[in-house]
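None of these values were measured; they are calculated from a predicted model. The residues of the chain are indexed from 1 along the displayed sequence.
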Amino acid sequence: MSILEEREASRSPLIRAAESAAHPDLPAPVAHTDAELAALIGLLRLPKARIETVAIGHSRDPASRSSAEAFAAAWTARGGTILATVHWPETAASWLRPANRLTAELPGAWVMAAAPLGFAQLARRLRHSTGWDPARTYAFGSLGDSRMPALAGPGTLDGLRGASADGATWDVRRGWVTWYPPVNSALRSNG
């Protein structure tokens, strides 16, 4: 390994102040909607997914906490199992503790309800220090912001998917957030 590669490998995954300052207007999480929760559950229940266990992560703001609690209630009511529920502050020294708690057991999926900046920090730590896979991670609408992939860093969020307040879904691929219309809207327009 070259000296440059060693430096890169040991570099902290934390977002620098200049990087976060470039995104001062990221939206705060808002209360989830029934359509958002239903769409999120729908993503996890797709036939090929076969997901039964989840670990839930959330910011400490009231909207994220409420969304995480609503998801937990809906998931367990459908017979799903929650392996862990982990919360974190918007700022932390290293993010290693919540990252390790989220990945201590290997769930079928991770579900996130969070403020964008805090989640971007956590996602960097998850990718740098654990076996977390963004392609097995589902999120509420606050994380579907088009600036999230750049803030989290190249490849950090590829595969992440989620739902928005109107029941639309989205995913992150190659640094881009792509939105899909709500299933009910597509059904109405076809029938």
Side-chain angles (χ1 to χ4, degrees), residues 1-30 40 43-44 54-61 63-65 67-68 71 83-164 169-179:
M1 184 180 280
S2 73
I3 293 173
L4 185 59
E5 290 171 324
E6 286 178 5
R7 281 187 196 150
E8 185 64 28
S10 65
R11 195 177 88 174
S12 171
L14 295 178
I15 295 173
R16 293 185 189 99
E19 290 174 286
S20 63
H23 303 287
D25 58 345
L26 287 168
V30 296
L40 190 58
L43 287 171
L44 286 151
V54 299
I56 301 171
H58 67 85
S59 300
R60 292 182 180 163
D61 62 90
S64 296
R65 184 181 309 269
S67 295
F71 174 83
L83 298 179
T85 300
V86 178
H87 58 85
W88 57 83
E90 264 311 276
T91 58
S94 78
W95 299 92
L96 190 56
R97 182 173 292 157
N100 284 337
R101 288 182 57 219
L102 274 168
T103 57
E105 294 186 66
L106 190 59
W110 288 274
V111 174
M112 303 294 175
L117 182 58
F119 179 71
Q121 291 276 33
L122 178 67
R124 283 186 176 202
R125 178 53 76 185
L126 284 164
R127 286 295 270 181
H128 188 267
S129 305
T130 72
W132 175 71
D133 182 359
R136 292 183 23 230
T137 306
Y138 301 79
F140 282 87
S142 63
L143 300 182
D145 189 284
S146 63
R147 297 166 289 182
M148 283 297 296
L151 184 60
T156 301
L157 300 180
D158 281 354
L160 174 71
R161 61 200 112 173
S164 66
T169 58
W170 51 268
D171 62 26
V172 177
R173 302 274 179 228
R174 296 184 180 157
W176 293 94
V177 177
T178 304
W179 291 83

Trp170-Ser164 side chain donor-acceptor pair, cut-off 3.5 Å: no
At their closest point, which heavy atom of Ser142 faces which heavy atom of Pro29, and how far apart are they? CB-CA, 4.0 Å
Using every non-hydrogen atom in the two residues, find where Ala123 and Leu157 come nearest and quote the distance to one decimal. CB-CD2, 3.7 Å
Counting only N and O atoms by type, is there a donor-acceptor contact under 3.5 Å from the side chain of Asp61 to the main-chain atoms of Ala114? no
Taking the side chain as every heavy atom from C-beta outward, state whether Pro149 and Val177 have any atom pair closer than 4.5 Å. yes
If you round to the nearest 0.5 Å, how far is CG of Asn100 from OG1 of Thr103? 5.5 Å
Are the side chains of Phe71 and Val54 in contact, using a 4.5 Å heavy-atom criterion? yes
Specify whether Trp88 and Phe119 have parallel, tilted or perpendicular ring planes, treating 30° as the upper limit for parallel and 60° as the lower limit for perpendicular. tilted
Heavy-atom closest pair, residues Leu40 and Ala139: CD1-O, 3.5 Å
Are a donor atom and an acceptor atom from the side chains of His87 and Arg60 found within less than 3.5 Å of each other? yes
Could you tell me which non-hydrogen atom of Leu43 sits nearest to which non-hydrogen atom of Arg161, and how far apart they are? CD1-CG, 4.4 Å
Can you find a pair of side-chain heavy atoms, one from Arg173 and one from Thr178, that are under 4.5 Å apart? no
Note: Ala115 and Glu90 closest approach over all heavy atoms is CB-OE2, 3.3 Å
Would you call Val111 and Leu44 a side-chain contact if the rule is heavy atoms closer than 4.5 Å? yes
Roughly how far apart are Tyr138 OH and Leu143 CG, rounded to 0.5 Å? 15.0 Å
Main-chain N/O of Ala99 paired to Thr130 side chain as donor or acceptor, under 3.5 Å: no
With a 3.5 Å distance limit and no angle check, can you tell me whether Trp110 reaches the backbone of Leu102 through a side-chain donor-acceptor pair? yes
Atom pair CE/CG of Met112 and Leu122 - distance to nearest 0.5 Å: 6.0 Å
Side-chain heavy-atom pair Val172, Met148 within 4.5 angstrom cut-off: no
Is there a side-chain contact between Arg101 and Arg97 in this structure, where contact means two heavy atoms from C-beta onward sitting under 4.5 Å apart? yes
Rounded distance (nearest 0.5 Å) linking atom CG of Asp133 with atom CG of Leu126: 11.0 Å
Main chain of Ala152, side chain of Arg124: is a donor-acceptor contact present, judged purely on distance under 3.5 Å? yes
For the residue pair Arg127 and Pro134, establish whether any side-chain heavy-atom pair is separated by less than 4.5 Å. yes
Student check: side-chain heavy atoms of His58 and Thr85 closer than 4.5 Å: yes
Quick check for you: to the nearest 0.5 Å, what is the distance between Ser59 atom OG and Leu117 atom CG? 9.5 Å
Please name the pair of heavy atoms, one in Thr156 and one in Trp132, separated by the smallest distance, quoted to 0.1 Å. O-CZ3, 3.6 Å
